[in-house]
2 protein chains.
Amino acid sequence: MKLSVRGEYALRAMQVLASDYQEDDSVVRIQEISETQNIPKRFLEQILNDLKSAGVVQSKRGVAGGYRLKRNPNQITLAEIIRHIEGPLAPVSCVSEKYYEKCSCPDESRCAIRAVMKELRDSIVHVMEATTLADLAERSRALEQQPLNPHDFMI
Amino acid sequence: MKLSVRGEYALRAMQVLASDYQEDDSVVRIQEISETQNIPKRFLEQILNDLKSAGVVQSKRGVAGGYRLKRNPNQITLAEIIRHIEGPLAPVSCVSEKYYEKCSCPDESRCAIRAVMKELRDSIVHVMEATTLADLAERSRALEQQPLNPHDFMI
DNA sequence: GTAAACTCTATCGAACAAGTCAAGAATATG
DNA sequence: CATATTCTTGACTTGTTCGATAGAGTTTAC
């Protein structure tokens, strides 16, 4: 049920771009993201490139180059990012809406596990579609202004 | 966000044992599970063995041998099975209750992504802890009695 | 005692994940 | 125009996991 490191990096990078998003053409360098987020630069290059082909970000080359979101952060959901980087959100592909594949069980239409997995899928998709990069940026701003919460050290 | 095939097989096998569960010592042969569920027999052996060390099932050797649940199906949740076979249910380990690990982000306590992942974790855990093998067996019985639903062919 | 079943350990190939590298193309700036 | 800076592209490495197979051993019903 885990997100890959790749997917996690993608979300972190997109959050940076979202927080930096402005209507003009300002871009953020890979290196800057890499340094502030502790993400290996070469690896991040790949990820941003994927997201470029996916139409999530756009890039500008050369000295003052870098990356920026292609659309307004409130138009980009976490679901979209993860689907591009990781594939289906569904825990098993026989309940995936976008990447459906038949499974090996004897009768899919009467499979109780499948019914439960459908519920699970729905709740995962619900969270991921409901959250946009704009939400993320806003929450991030809110968290930055709060003092450190000692509770967070006690997980 | 996917379940491994191993985890899926584990759930399917446990569902069989749950449907067959009786208070006496009756067991189900590996081969029978393997055949009805289309699971490679040798592979299933490994999985059942894991679940035996985990205390979920018990085995009986010899001619009339096989496997059975060690506890009543209503005492075994899907969460328990998956945790033993796959590890953490949490999408990232920095929000896992049972397998917490620090992540590489600059400030975990103020990480907006982490906050969202926590919500996601909670909804996943909620579904998986709420569902027991007894629930699964019951739903399975209910589904078997229904006629085929044409809607299921239109996913 | 023997055949049927599980037990345990080892191994395998393929795929995938995470990360690295190098050579190339575009561009702002002096 | 030269150059340093930055993205681009694609290949490559290294380690791990996944799914599966194999074989020798153990237990038990009959």
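All chains are named by letter (A, B, ...) in the order of the sequence lines, taking the proteins before the strands, and each is independently numbered beginning at 1.
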Item to check | Nucleic acid contacts of residues 10-31 of chain A, taken as heavy-atom distances under 4.0 Å to DNA chain C | outcome: none

Checklist entry - So how far is it from A:Q31 CD to A:E45 CD, rounded to the nearest 0.5 Å? => result 10.0 Å

Item to check | Between P of D:dT6 and NZ of A:K41, the distance in whole Å | outcome: 8 Å

Next on the checklist: I need the CD1-P distance between B:I47 and C:dC8, as an integer number of Å.
Outcome noted: 16 Å

Checklist entry - With sugar-phosphate meaning primed atoms plus P, OP1 and OP2, does A:G65 contact a base, only sugar-phosphate, or nothing at under 4.0 Å between heavy atoms? => result sugar-phosphate

Checklist entry - Given B:E119 and A:R139, is the salt bridge (Lys or Arg N to Asp or Glu O under 4.0 Å) satisfied, shown in steps? => result CA-CA 13 Å; B:E119 286 176 20; A:R139 284 177 93 145; 3.0 Å; yes

Checklist outcome for this item: From CD of B:Q58 across to C1' of C:dA5 the rounded distance in Å is 16 Å

Checklist entry - Hey, are A:R83 and A:E129 close enough for a salt bridge, meaning a charged N less than 4.0 Å from a carboxylate O? => result yes

Next on the checklist: Can you confirm whether A:V57 sits close enough to A:M14 that some side-chain heavy atom of one is under 4.5 Å from a side-chain heavy atom of the other?
Outcome noted: yes

Checklist entry - For A:K60 and C:dA25, what is the distance between atoms NZ and C1' respectively, to the nearest whole Å? => result 16 Å

Checklist entry - Starting at the 5' end of DNA chain C, which residue's closest nucleotide do you reach first, A:G62 or B:G62? => result B:G62

Item to check | Between C1' of C:dA18 and CG of A:D50, the distance in whole Å | outcome: 13 Å

Item to check | Integer-rounded Å distance: D:dG19 P and B:Q37 CD | outcome: 16 Å

Nucleotide N/O to protein N/O under 3.5 Å, stretch nucleotides 9-18 of chain D:
residue	atom	partner	partner atom	Å
D:dA11	N6	A:Q46	NE2	3.3

Checklist entry - Rounding to a whole Å, what distance do you find between B:L44:CG and D:dA20:C1'? => result 12 Å

Checklist entry - Hey, are the side chains of A:E97 and A:R121 touching, using non-hydrogen atoms and a 4.5 Å cut-off? => result yes

Checklist entry - Can B:E35 and B:R29 be counted as an ion pair, charged N to O under 4.0 angstrom? => result no

With a cut-off of 3.5 Å and sequence neighbours excluded, list every side-chain donor-acceptor pair involving residues 17-28 of chain A.
residue	atom	partner	partner atom	Å
A:S19	OG	A:Q15	O	3.1
A:D24	OD1	A:S26	N	3.1
A:D24	OD1	A:S26	OG	3.3

Item to check | B:V56 vs B:K70 side-chain heavy atoms within contact, under 4.5 Å | outcome: no

Checklist entry - When you look at NZ of A:K2, are more than 12 heavy atoms from neighbouring residues, nucleotides or ligands closer to it than 6.0 Å? => result yes

Next on the checklist: Rounded to whole Å, please give me the gap between OH in A:Y9 and P in C:dA17.
Outcome noted: 14 Å

